[in-house]
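Notes follow the structure.
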Amino acid sequence: MKIAEAFNSQLNAELYSAYLYLSMSASLSSQNLPGFATWMRVQTKEELGHAMKFYDYIIEHSGRVLLKAIDPPPTDWAGPLAVFEHTCKHERKVTGLINELVNLAKEQGDNASEIFLQWFVSEQVEEEANVGKVLEMVKKAGNSASASQALDRELAKRGQAAQ
Ligand SMILES: [Fe+2]
Ligand SMILES: [Fe+2]
């Protein structure tokens, strides 16, 4: 596969991530968890930022951006535990995709692409750590309504920090 084609696929994958997290945010809002919803909304913005990094890189390197259909994300999750288990799984999958891109760039001796991708390699380490941390907090809160409410207030802070 050519790098340009693979980067277009990754652009689509980042847009799907944004779509997935926005859908999670909507689901969490409907469950009266505004803090969790805010956290996912900020995550959505980050994924859009990732998508635009690929968009700009493709154009800067004389490629052609070709936007494809974005798969519809699921719409319902049972609660924060299901959301964050899904998020952890999804981020591990994205890490795999980034690693495949790095291997492709190496195979083709494309140093510029390999260097560009290093940011994403580091970003995925951070993303997996962040979502893993929230998953642990959700597990700790368990079925306690008061602990879940406290965690919801805690996660709302990500929205304030992102403004
Ligand atoms: Fe991403
Ligand atoms: Fe991500």
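Hydrogens, waters and symmetry mates are skipped; everything else that's a heavy atom, side chains included, is used. Owing to the predicted nature of the structure, the values given are computational and were not obtained by experimental measurement. Indexing begins at 1, ligand by ligand and atom by atom, following the structure's order.
Side-chain atoms of Arg92 and Gln124 include no donor-acceptor pair closer than 3.5 Å. Checking Tyr19 against Thr44 by side-chain atom types alone, no donor-acceptor pair falls below 3.5 Å. For the residue pair Ser9/Glu5, the side-chain donor-acceptor check at 3.5 Å is not satisfied.
Restricting Glu91 to its N, O or S atoms, the one at the least distance from the Fe ion (ligand 2) is OE2.
Side-chain N or O atoms of Ser23 include one that pairs as donor or acceptor with a backbone N or O of Pro74 at under 3.5 Å.
Remark: aromatic rings of Phe84 and Trp39 are close, center separation under 6.0 Å. His50 and Phe54 have their aromatic ring centers separated by at least 6.0 angstrom.
Within the protein, the N, O or S atoms lying under 2.8 Å from the Fe ion (ligand 1) are Glu14 OE1, Glu47 OE1, His50 ND1.
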